[in-house]
*Asks:* 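Following this message is one structure expressed as structure tokens.
Labels below follow one simple rule: chain letters A, B, ... track the order of the sequence lines, proteins then strands, and each chain is numbered from 1.
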Protein chains: 2
Amino acid sequence: MARERKFNTVELFQEAKQLLLQHGYDGFTFSLLADRMEVSRAALYKYYDNKEELITDFMIYEMEEFLHELREIETLEGFERQFDFLIDLIFKKTEVHELIRAAQQVMTRMDAAFPNKEKLEKLPLDMYKFLQKFILVGKEEEKLKKHIPDGLIIGFILQTVAIPNHFGIPKAEWIHSIKEIISDGMFMNK
Amino acid sequence: MARERKFNTVELFQEAKQLLLQHGYDGFTFSLLADRMEVSRAALYKYYDNKEELITDFMIYEMEEFLHELREIETLEGFERQFDFLIDLIFKKTEVHELIRAAQQVMTRMDAAFPNKEKLEKLPLDMYKFLQKFILVGKEEEKLKKHIPDGLIIGFILQTVAIPNHFGIPKAEWIHSIKEIISDGMFMNK
DNA sequence: TGTTAAAGTTACAGATGTGTCACTTATATT
DNA sequence: AATATAAGTGACACATCTGTAACTTTAACA
């Protein structure tokens, strides 16, 4: 009963991601996005009332996808395998963490009554809770130092993707060295 | 021969910093800044032709100040002291690194012929070069692992300030644990 | 083949930002 | 007290973004 759509949600989110990473929350506009999609601006308003709604929807989609892939960690046996899996996943999904940063900008400017606010606030906490189980395994297996706070361990690992590789060190070497620093530090053993 | 100024450059840069951190490059406007300074927008144009010029000037000021404080590292004897000094300085000047991130946004949108472009591009490299001397000391004193690339060591240390402390762990404990992870890792010794 | 309804477009009004210019204000110097 | 001059203002023209409403297009289906 209807005409064919010129674009689907996934395409839309892909472009939105690029624009958000390039321009940040404030620099993101419907005009920019409509141009990229080769669609009129008004068409976007058929699906989203405003940019806040579009961006929150997109964020939720992106984080849920990450969480979904993350859940595979539970199927792995032993802390070391889980650790490797986590680092590799994080580097496969680099942008997610930059987006979480942008998410905070969204939150601060959002109405208290905004429909998706709760859902968006809950997701990063879900992720932390989920990873806390992984930390627990590490500490129980006597692999992770017990006196280091869980929040720091998780934050530390997640943060490593954002280290700028100014000198273009090859990806494999880069990730390998990062794993080494995280696990045993950059100091020589005494 | 002239009337008294209502604001000075340092005040201006302080407000600019806050706005940049809050809104990012695209969200930063002269209107916003003028309001904060309680001055007319046109007054700002007496000093800066446009926001690019203001922001680059500000960035250069901020980075030079950081570099200036960093130079004190050379007066310290031995790698361990230098290491402690560096971490503490980074945590004292948290925002600098968030600003460097914003700086990249500025660059990409800047004319190739922009007056301060070279100066702004040079500063982060100066910082890296300066820190490379510190890395060299560490490797010569057999304190730092020699096979880890210098660029990663520097990037890793600088990045730690950006780890979000979601659970409000006390600053002293937080920094102490970070130092431990950086130096000896988060894994138990075998 | 005509009807229906979602998909998409064009065009408008209002808000906000930009850069500029003619103007006013304040103060150090003569 | 008069004057020169830098500091600051108000207001204009132009651009961009926002949200909406009236319109047209397309394709399924009755």
*Asks:* Evaluate whether atom CZ of B:R109 has more than 12 neighbouring non-hydrogen atoms of other residues, nucleotides or ligands under 6.0 angstrom away.
*Replies:* yes
*Asks:* In whole Å, what is the span from the CG atom of A:D35 to the P atom of D:dT18?
*Replies:*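 Interatomic distance, CG of A:D35 to P of D:dT18: 12 Å.
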*Asks:* Which whole-number value in Å describes the distance from A:L44 CG to D:dC17 C1'?
*Replies:*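 So the two atoms are 13 Å apart, to the nearest Å.
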*Asks:* Kindly give the atom pairs (protein nitrogen or oxygen, nucleotide nitrogen or oxygen) under 3.5 Å for nucleotides 14-18 of chain C.
*Replies:*
unit_1: C:dT18; atom_1: OP2; unit_2: B:F30; atom_2: N; d: 3.4

*Asks:* CD of B:E52 versus C1' of C:dG19: gap in Å, rounded?
*Replies:*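 Taking atom C1' of C:dG19 as the reference, CD of B:E52 is at 14 Å.
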*Asks:* Given a 3.5 Å cut-off on both pairing distances, which stems involving DNA chain C, each at least three consecutive Watson-Crick or G-U pairs, are present, if any?
*Replies:* C:1-30 with D:1-30
*Asks:* What contact category does B:Y48 fall into here, base, sugar-phosphate, or nothing, at under 4.0 angstrom with non-hydrogen atoms?
*Replies:*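 Result for B:Y48 = nothing.
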*Asks:* Give each protein N/O atom lying under 3.5 Å from an N/O atom of nucleotides 23-25 of chain D, with the pair distance.
*Replies:*
unit_1: D:dT25; atom_1: O2; unit_2: A:R3; atom_2: NH1; d: 3.0

*Asks:* Counting side-chain heavy atoms from CB outward, which of C:dT9, C:dG8, D:dG8 is closest to A:R5?
*Replies:* C:dG8
*Asks:* For A:K133, what residues pass the salt bridge (charged side-chain N to carboxylate O under 4.0 Å, His left out) criterion, not counting sequence neighbours?
*Replies:*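 With neighbours one apart ignored, the set is A:E74.
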*Asks:* Using the test salt bridge (charged side-chain N to carboxylate O under 4.0 Å, His left out), find all partners of A:R5 that sit at least two apart in sequence or belong to another chain.
*Replies:*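 Scan of A:R5 (salt bridge (charged side-chain N to carboxylate O under 4.0 Å, His left out), adjacent residues dropped) gives none.
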*Asks:* Under the salt bridge (charged side-chain N to carboxylate O under 4.0 Å, His left out) rule, collect the residues that match up with B:K146, sequence neighbours excluded.
*Replies:* B:E142
*Asks:* Using whole Å, what does the distance between atom C1' of nucleotide C:dG8 and atom CD of A:E4 come to?
*Replies:* 13 Å
*Asks:* Could you work out, with side-chain contact (heavy atoms from CB on, under 4.5 Å) as the rule, every residue matching B:E140, not counting sequence neighbours?
*Replies:* B:L136
*Asks:* Please identify each residue that fulfils side-chain contact (heavy atoms from CB on, under 4.5 Å) with B:F91, with sequence neighbours left out.
*Replies:*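 Listed in chain order: B:I87, B:T160, B:V161, B:W174, B:I175, B:I178.
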*Asks:* List the steps, then state whether salt bridge (Lys or Arg N to Asp or Glu O under 4.0 Å) holds for B:D26 with B:K51.
*Replies:* CA-CA 10 Å; B:D26 285 278; B:K51 96 170 168 186; 5.5 Å; no
*Asks:* Mind checking salt bridge (charged side-chain N to carboxylate O under 4.0 Å, His left out) for A:E69 and listing every partner two or more places apart, or none if nothing turns up?
*Replies:* A:K92, A:K93
*Asks:* Separation of A:E53 atom CD from D:dG19 atom P, in whole Å?
*Replies:* 11 Å
*Asks:* Determine, using ring centers only, whether B:Y48 and B:F30 are less than 6.0 Å apart.
*Replies:* no
*Asks:* Taking side-chain hydrogen bond (donor to acceptor under 3.5 Å, both in side chains) as the definition, give me every residue that meets it alongside B:Q18, ordered by chain and number, with sequence neighbours left out.
*Replies:* B:R36
*Asks:* Kindly say if A:Y47 contacts the phosphate of C:dA6, meaning a side-chain N or O under 4.0 Å from OP1 or OP2.
*Replies:*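 No.
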*Asks:* Measure from CD on B:E38 to P on D:dG8 and round the result to the nearest Å.
*Replies:* 13 Å
*Asks:* Enumerate the residue pairs fulfilling salt bridge (charged side-chain N to carboxylate O under 4.0 Å, His left out) with a member in residues 148-175 of chain A, sequence neighbours excluded, ordered by first and then second residue.
*Replies:* A:K139-A:D150
*Asks:* Of all the nucleotides listed (D:dG8, D:dA27, C:dG8), which has the minimum atom distance to the side chain of A:K6?
*Replies:* C:dG8
*Asks:* Tell me every residue that passes side-chain contact (heavy atoms from CB on, under 4.5 Å) with A:L32, counting only those two or more places apart in sequence or in another chain.
*Replies:*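 Checked A:L32 against side-chain contact (heavy atoms from CB on, under 4.5 Å); matches are A:L19, A:H23, A:T29.
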*Asks:* Taking atom C1' of C:dA7 as reference, at what distance in whole Å does atom CE of A:M37 sit?
*Replies:* 14 Å
*Asks:* Calculate the interatomic distance between B:L12 atom CG and D:dA7 atom C1'; express it in whole Å.
*Replies:* 14 Å
